[in-house]
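First comes the structure, then the notes that go with it.
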Amino acid sequence: MDMNFSAEDLAFRVEVRDYLDSAMPDHLKAKATQGGGFSHDDEMEWHKILAAKGWAAPRWPVEHGGTAWSVTQSFIFSEECTRANTPTLSPFGLGMVGPLMIQYGTPEQKERFLPKILAGEEVWCQGYSEPNAGSDLASLQLRADDAGDHYILNGQKTWTSAAQYADWIFVLARTSGEGKKQEGITFLLADIKNTDGIDVKPFYTIGGTPAFSDTFFQNAKVPKANRVGPEGGGWTMAKALLGHERTGIGGVGNAKRFIELAKQIARDTPNGTDSLLDDATFRRRIAKLEMRIRTIEMANLRTLASASHGQAPGPESSILKIVGTEATQEATELAMDALGQGAQGWFDAPEGTIHESSRQLQSTFNYLRAATIYGGSNEIQKNIISKHILGLGALG
Amino acid sequence: MDMNFSAEDLAFRVEVRDYLDSAMPDHLKAKATQGGGFSHDDEMEWHKILAAKGWAAPRWPVEHGGTAWSVTQSFIFSEECTRANTPTLSPFGLGMVGPLMIQYGTPEQKERFLPKILAGEEVWCQGYSEPNAGSDLASLQLRADDAGDHYILNGQKTWTSAAQYADWIFVLARTSGEGKKQEGITFLLADIKNTDGIDVKPFYTIGGTPAFSDTFFQNAKVPKANRVGPEGGGWTMAKALLGHERTGIGGVGNAKRFIELAKQIARDTPNGTDSLLDDATFRRRIAKLEMRIRTIEMANLRTLASASHGQAPGPESSILKIVGTEATQEATELAMDALGQGAQGWFDAPEGTIHESSRQLQSTFNYLRAATIYGGSNEIQKNIISKHILGLGALG
Amino acid sequence: MDFSLSKEQQMIVDSVAGFVKDEANVERFREMRETEQGWDPKIWAEMGEYGWLGIAAPESAGGIGGSFVDLALILEQLGRGLSPEPIIASVVLAGGLLEQLGSDEQQQELLAPMIEGKTSYAFAHTERQSRYNPTDVLSTATKTEDGYTLSGEKTWVLNGHAAEKLVVSARTSGSQLDRDGISVFMVDANASGLSSKVVRGMDGQRTAFISLDNVTVPATALIGEEGGAAGAIEWVLDRAAAAACAEAQGCLQQMFELTVSYLKEREQFGSKIGSFQALQHRAADMFAETELCKSAMILAAIRADETDADTRAADISAAKAQLGTGGWFVDENAIQLHGGIGITDEHDIGLFFKRVRVLQGLFGDADYHVDRFQGLEGFDQARG
Amino acid sequence: MDFSLSKEQQMIVDSVAGFVKDEANVERFREMRETEQGWDPKIWAEMGEYGWLGIAAPESAGGIGGSFVDLALILEQLGRGLSPEPIIASVVLAGGLLEQLGSDEQQQELLAPMIEGKTSYAFAHTERQSRYNPTDVLSTATKTEDGYTLSGEKTWVLNGHAAEKLVVSARTSGSQLDRDGISVFMVDANASGLSSKVVRGMDGQRTAFISLDNVTVPATALIGEEGGAAGAIEWVLDRAAAAACAEAQGCLQQMFELTVSYLKEREQFGSKIGSFQALQHRAADMFAETELCKSAMILAAIRADETDADTRAADISAAKAQLGTGGWFVDENAIQLHGGIGITDEHDIGLFFKRVRVLQGLFGDADYHVDRFQGLEGFDQARG
């Protein structure tokens with residue numbers, strides 16, 4: 001048991017650091033120093049740069065374009081990305097539907113979709129939640145009626161992140177109303193841009209940006225060739241995705257970035273004749289959370305190390321989602337508190353009023369209230385732990 | 001709306017303070033400065049002193065020996081008792097069965113019992129919980145079989161506080177196994193010392209003292225004259241008691257005492273070349289909790305002020321039990337932390353090793369884990385709030 | 001000691017509640033946040049006519065001469081409708097300074113029209129370096145032959161974008177952190193040399209950054225004694241903190257009620273989500289913290305009229321810290337229990353969320369008030 | 001980077017687990033806590049024979065030359081049985097100083113018999129004023145013709161009541177808070193001028209207060225360079241903190257398992273209490289914190305062998321703080337979910353509760369470690 005970096009690891013770190021430094025365009029670097037309020041275009045630009053290097057999907061199997069990195073190397077890579085404040089790649093293709101297709105897709109699907117996901121040429125979004133099916137996902141009502149070689153979809157999805165930018169959407173749809181709710185669900189891939197009858201309506205969040213959409217389906221046709229897994233097997237597909245999503249969402253990289261941001265703001269914020277980073281109370285608050293995040297990071301590493309390449313970790317990763325999202329929210333609160341009265345500013349504040357590195361912070365702080373809700377709310381994660389790990393679910 | 005003390009109030013405060021100072025025997029004052037590890041005998045001695053003054057049961061109706069104090073005066077009295085670190089009187093007679101008898105007792109019961117409760121001549125204990133009926137009190141199994149002019153009791157009570165010192169016990173017993181569990185329960189008064197077939201077996205807690213007992217009943221006879229309320233009306237009696245108990249247990253007086261103890265220890269504890277009370281982190285921890293306790297105290301005052309004399313407050317007092325017991329526990333933790341390594345000492349440590357004011361602290365700290373459990377655990381209190389205040393109980 | 005509402009107080013509460021329902025409700029706020037001014041002068045005038053703005057002001061200046069508790073009760077109700085009218089900025093802060101320091105003439109001339117709702121003011125005080133320290137002032141006021149010349153920069157001035165006049169703090173002597181040497185001046189918002197930048201806040205309200213570049217004012221612009229404003233500034237900032245607790249209380253109460261309603265209405269897994277015990281207990285915790293905030297807010301409002309500065313400070317700090325801890329618990333869980341819908345701009349809960357978060361930070365966050373509390377003289381003393 | 005157990009480690013863990021089950025279980029601890037010594041020399045000797053006491057000691061001194069992780073894994077298992085044998089006091093602290101500072105002869109003569117389980121030592125270091133500061137020392141060692149004279153008082157000396165020899169820290173130069181000038185000496189427990197008071201701990205273990213009144217020792221009693229012990233003291237205290245995390249982990253794991261079992265077994269309201277969602281979620285939170293403590297404990301154990309002092313300190317502080325926060329959450333909720341039975345002395349859960357609470361405070365509580373962490377050089381630096 002050790003955490004030592006071998007000479008190879010250290011060389012790898014240098015390679016990654018040098019690469020990120022040389023590959024990251026100046027305009028992205030400029031945004032990175034302002035707290036990383038990256039646009040969709042920025043993310044895709046960075047995706048393509050990494051893809052060209054072969055580093056867009058490090059944990060995919062090598063035959064599909066992944067790297068053969070060890071856990072240590074993956075850790076080093078993510079540390080260096082955090083350090084350089086690179087844009088975070090959209091998880092829906094690379095982290096979710098991609099790995100699912102690798103596991104369950106047909107050869108045709110793999111050939112059709114994986115290269116474009118990897119290259120960042122097609123953007124994906126996730127159609128899971130519906131207005132009446134949030135935590136209780138299995139109650140979903142989007143109908144997919146059998147029409148020979150295709151399904152006809154009618155209904156509504158909501159909370160579709162970044163649907164306005166997406167080329168494709170993967171949806172859970174109801175192909176049967178018989179039997180257990182879970183058994184009538186099917187996993188489908190739909191061309192969100194070019195399918196008649198699919199309408200995307202972005203809406204605003206408390207963060208002041210249209211981060212999510214409602215997606216409406218009205219007699220929208222989806223070829224059966226775009227089904228992943230068997231008809232009625234959608235719930236199995238969804239569960240296979242879950243583990244990936246949990247570690248992705250709970251990841252501590254974001255929390256670490258916000259801790260650094262809080263420190264940076266505190267360092268730059270005069271407080272009487274000192275800086276706020278000299279304030280005893282504030283220092284200790286930062287320290288507490290930073291220590292907590294080290295602990296969570298170690299738990300993340302242990303989980304990653306125990307799951308082999310290309311596989312999702314087990315239900316114990318639920319704890320990472322819970323504590324990771326809470327730590328991330330807390331880190332944004334800390335950064336907000338560092339701003340003092342400045343926390344009330346908004347991203348369109350005139351130059352010279354708010355700390356430039358915090359220009360996106362208030363919006364992100366608000367938006368990230370969603371972190372403990374989406375991807376299976378933290379309450380749902382606790383149900384999962386209680387049922388699947390502690391064996392308390394089946395008690396009467 | 002005001003918190004001002006009138007000239008009369010201020011004069012009353014002086015009167016109380018002077019009285020407590022003159023009335024409290026030196027050996028009790030000595031213990032008070034050592035963190036108030038009072039014995040049962042100390043408590044009863046103090047009870048009799050207060051009773052002689054007419055101040056043992058301030059909130060009883062005047063005709064039964066209470067005072068006619070205003071809410072403000074009651075508050076002043078309790079503040080001064082906290083300040084003087086007086087012993088706390090046992091609540092079972094004065095705060096629980098006494099008020100119940102005033103409300104529901106027969107004239108004979110009132111005449112027989114109330115004066116002796118008031119005078120501290122008879123000590124009471126509470127027989128509610130059983131090994132299989134804790135939070136689920138209505139499942140109690142202590143049988144009371146009808147035998148003409150008396151009941152015959154068989155079964156076991158547990159968690160009987162201070163039963164070894166008691167003259168009387170009030171019990172909830174099952175007089176019927178028919179219908180709803182709650183409807184077969186009857187409230188009885190038993191002479192715990194002189195009834196054949198009642199056996200008291202004290203047991204040790206993690207505080208290292210025998211604070212509780214198991215109480216066994218084997219064909220023990222209790223006259224029907226000792227029933228409070230109708231047969232089968234015990235649950236109503238228990239609910240009537242509950243409000244009193246909740247505010248009693250959650251009271252902030254204890255929390256304030258432990259805050260003062262933490263400060264005293266910190267003041268006396270060298271920390272390098274300063275005292276611990278100069279430590280920035282520790283000061284702020286004390287301050288946080290002290291501010292919280294001020295808030296809880298204000299909530300207590302509002303609750304007391306809105307309930308008239310002799311009546312129990314409504315279910316909203318559940319919050320006082322929850323937050324009051326948590327603050328009390330936290331205050332003991334703070335005092336323990338102040339001791340540093342000394343927190344590992346035990347009450348029998350040789351002189352000169354542990355801070356003398358903390359001699360009882362480690363024991364109390366451990367014992368007080370019970371505060372969030374007894375009197376209806378905090379989880380049960382939340383069920384009560386949820387059901388009776390928020391109306392969430394009846395949802396399907 | 002008495003915590004019940006008087007008949008008059010109950011009447012005021014009822015009439016403000018009716019006003020919020022009919023005129024100053026959240027729908028109205030949604031309209032206001034899209035406007036440049038951010039609040040409605042007509043509503044302000046109505047508030048003046050009803051006597052709400054002058055309820056705690058001295059009768060000599062046209063006020064009602066009531067207690068701060070009366071004002072707090074009004075703010076609590078207004079908080080339920082997210083009313084953005086600048087009561088804290090104009091009445092509690094700027095008005096409070098006029099009340100405390102102004103001459104009879106100044107009160108007649110300046111305070112009276114404002115509490116009638118005919119105009120509004122702001123208190124331009126905090127600076128880039130001052131954070132929450134009430135006596136950290138770098139702006140200067142230099143004495144001239146017939147007045148003063150003011151220079152400096154003021155940040156996050158509440159209502160600074162809309163006020164007709166600003167009460168500006170500046171040093172007439174002493175250095176940055178001295179209590180002595182701070183003076184306050186009445187300055188026209190359109191004075192020459194004064195410029196401002198308007199900042200839209202995350203709560204949809206507006207503040208301004210005010211630059212003073214050799215702004216000249218006459219000697220009569222000085223409010224109170226030269227160099228002696230610190231005590232009054234501390235007093236108004238404490239009252240503003242108490243006012244923030246009161247307004248936040250209205251928000252929290254509304255959030256709590258919205259949340260309990262949602263728990264009774266939303267179905268998942270074939271049941272109302274309010275039937276799930278984990279959420280019931282969370283709601284019970286929210287109830288407890290909301291009630292504690294209410295108690296703390298009343299305590300703060302009562303203490304706002306207290307003359308002993310340390311007694312006032314201790315309990316107002318306790319209340320403001322409770323808003324930052326227990327109030328924040330209610331704030332974040334109201335969103336959490338609403339789930340996804342709670343983070344849409346369309347739902348009201350998020351508007352309250354943001355307003356509470358801002359109020360938490362105004363006039364000292366929890367950290368500041370804990371620090372202040374432990375620094376009070378009484379903290380160290382053995383009880384005696 | 002690799003977090004799996006080696007085959008050898010797995011074998012050790014299994015054999016310690018078996019030993020705890022058969023010999024060093026909680027029943028045995030209940031007997032031990034009634035004895036004067038508080039622990040069993042026979043068990044100690046067995047531990048020595050199995051090689052557990054020397055697992056992390058250098059081979060030159062008869063040790064196995066393994067890593068600190070090996071020792072931590074052993075402590076974790078022993079924690080499940082509340083083994084009171086003085087591994088932290090004698091092996092990690094006193095033994096660690098001999099390892100770090102002792103000459104070859106001293107290691108041969110002193111370290112070897114102790115790790116064989118034939119004798120035990122203690123580290124007499126903390127003083128009334130020193131709290132958790134490792135270099136706050138007032139006790140003095142004055143050089144004499146053929147040795148030193150030691151005077152001072154040492155508090156809360158773990159195993160101080162039973163150790164054959166004490167490693168005593170004392171100043172040979174400098175003043176109270178100086179890092180330089182601290183030396184350590186090997187002193188016989190029955191030396192003339194040395195007296196002790198035994199304190200029974202709330203966890204049922206024993207410590208001693210040691211008074212040194214002109215205790216004379218020969219020059220050969222000095223371990224390491226005169227005045228140069230501070231670094232080694234910090235090193236052993238860090239390792240002791242990591243060891244405390246490891247032992248506590250065994251306790252917490254046991255408490256968590258006992259609690260989940262109790263939830264599955266106890267009935268109230270006609271159902272197993274583990275079917276109530278509020279308790280399920282609490283159990284899930286306990287699971288999360290127990291797992292985080294485990295990760296932190298492994299991190300600390302790995303870092304215990306780290307040569308860079310700041311890297312070592314940062315992660316060991318993080319782990320010790322996690323024990324004081326997340327570990328305390330598990331500790332208190334294990335009692336709470338057991339309800340009344342949990343506060344009886346008869347039930348094992350309370351014994352674990354008290355031991356964890358004591359371990360939380362040893363070698364720095366959470367406050368201390370947060371303070372230390374924010375004072376490390378790397379904390380302020382911009383990442384680069």
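Model, not experiment: these values are computed from the prediction. In what follows, chains carry the letters A, B, and so on, assigned in the order in which the sequence lines appear, proteins first and then strands, with residues in each chain numbered from 1.
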- request: Apply side-chain contact (heavy atoms from CB on, under 4.5 Å) to A:D348 and C:R200, showing your working.
  value: CA-CA 7 Å; A:D348 56 4; C:R200 198 158 66 107; 2.6 Å; yes

task: Begin with the C-alpha distance, continue with both residues' side-chain angles, and end with the deciding distance and a verdict on side-chain contact (heavy atoms from CB on, under 4.5 Å) for C:W156 and A:Q344.
output: CA-CA 9 Å; C:W156 307 107; A:Q344 69 193 302; 3.8 Å; yes

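With a 4.5 angstrom heavy-atom cutoff, A:T273 touches chain C via backbone and side-chain atoms both. Looking at C:Y368, there are no atoms closer than 4.5 Å to chain A (heavy atoms on both sides), in backbone or side chain. Heavy-atom distances place both the backbone and the side chain of C:E332 under 4.5 Å from chain A. For a residue to count as touching a neighbouring chain, one of its non-hydrogen atoms must lie under 4.5 Å from one of that chain's; by this rule C:I335 touches chain A with backbone and side chain alike. For chain A, no part of C:I349 is nearby; none of its heavy atoms comes within less than 4.5 Å. The part of C:R266 that comes within reach of chain A is its side chain, from C-beta onward, which places non-hydrogen atoms under 4.5 angstrom from that chain. For C:L359, no part sits under 4.5 Å from any heavy atom of chain A, backbone or side chain. For chain C, the nearby parts of A:N271 are the backbone and the side chain; heavy atoms of each come within less than 4.5 Å. Proximity to chain C (any heavy atom under 4.5 Å) is shown, for A:N132, by both the backbone and the side chain. Looking at A:L339, the atoms closer than 4.5 Å to chain C (heavy atoms on both sides) all sit in the backbone: N, CA, C or O. Looking at C:V370, neither its backbone nor its side chain comes within 4.5 Å of chain A, counting heavy atoms on both sides. Looking at C:F209, only its side chain comes within 4.5 Å of chain A, counting heavy atoms on both sides. For chain C, the nearby part of A:A343 is the backbone; its heavy atoms alone come within less than 4.5 Å. There is no contact between A:A280 and chain C, counting heavy-atom distances below 4.5 Å. For A:F203, the part lying near chain C is the side chain, with the backbone staying farther off; criterion is any non-hydrogen pair under 4.5 Å. For A:I380, the part sitting under 4.5 Å from any heavy atom of chain C is the side chain, from C-beta outward, and nothing else.
Between the CG atom of C:D203 and the CD1 atom of A:I206 there is a distance of 12.5 Å, given to the nearest 0.5 Å. One distance of note links CG of C:L362 with CD of A:Q341; it measures 7.0 Å at 0.5 Å rounding. Atoms CZ and CZ, from C:R131 and A:F282 in turn, are 6.5 Å apart once rounded to the nearest 0.5 Å.
Put simply, the side chain of A:T353 reaches to within 4.5 Å of the side chain of C:V199, judged on heavy atoms. A:F347 places none of its side-chain heavy atoms less than 4.5 Å from the side chain of C:M202. Under the 4.5 Å side-chain criterion, counting only non-hydrogen atoms from C-beta, C:K354 is in contact with A:N366. At least one side-chain heavy atom of A:F212 sits less than 4.5 Å from a side-chain heavy atom of C:I343.
For the pair C:R357 and A:D337, the salt-bridge criterion is met [side-chain N within less than 4.0 Å of a carboxylate O]. Ion pairing of A:E351 with C:K197 is absent here, as no side-chain N (NZ or NE/NH1/NH2) approaches a carboxylate O to less than 4.0 Å.
With respect to chain A, the highest number of heavy-atom pairs below 4.5 Å among C:G364, C:G350, C:G340, C:S130 belongs to C:G340. The most heavy-atom pairs under 4.5 Å with chain C, out of A:A338, A:A349, A:A211, A:S129, come from A:A338. Note: A:L276 leads A:D274, A:T158, A:L276 in heavy-atom pairs under 4.5 Å with chain C. Most heavy-atom pairs under 4.5 Å with chain C: of the set A:K181, A:Q329, A:E333, A:R285, this distinction falls to A:E333. Highest contact tally toward chain C, considering only A:G342, A:A133, A:S363, A:A138, is held by A:G342 [criterion: heavy-atom pairs under 4.5 Å]. Options A:M336, A:Q362, A:R369 differ in how many heavy-atom pairs under 4.5 Å they form with chain C, and the most are formed by A:R369.
For the pair C:Q268 (side chain) and A:S135 (backbone), a donor-acceptor distance under 3.5 Å is present. Side-chain N or O atoms of C:Q176 include one that pairs as donor or acceptor with a backbone N or O of A:G272 at under 3.5 Å.
Surrounding NZ of A:K288 are at most 12 heavy atoms belonging to other residues, nucleotides or ligands under 6.0 Å away. The 12-atom threshold is not exceeded at CD of C:E346, counting heavy atoms of other residues, nucleotides or ligands nearer than 6.0 Å. With a 6.0 Å radius and a threshold of 12 heavy atoms from other residues, nucleotides or ligands, A:F216 has its CZ atom above the threshold. For C:D180, the CG atom counts as loosely surrounded, since its 6.0 Å shell holds 12 or fewer non-hydrogen atoms of other residues, nucleotides or ligands.
Side-chain polar atoms of A:T281 and C:D371 form a donor-acceptor pair below 3.5 angstrom. Side-chain contact of A:E379 with C:Q336: a donor-acceptor pair under 3.5 Å is present, judged by distance alone.
Closest approach of A:W159 and C:T344 over heavy atoms only: CH2-CG2, 3.3 Å.
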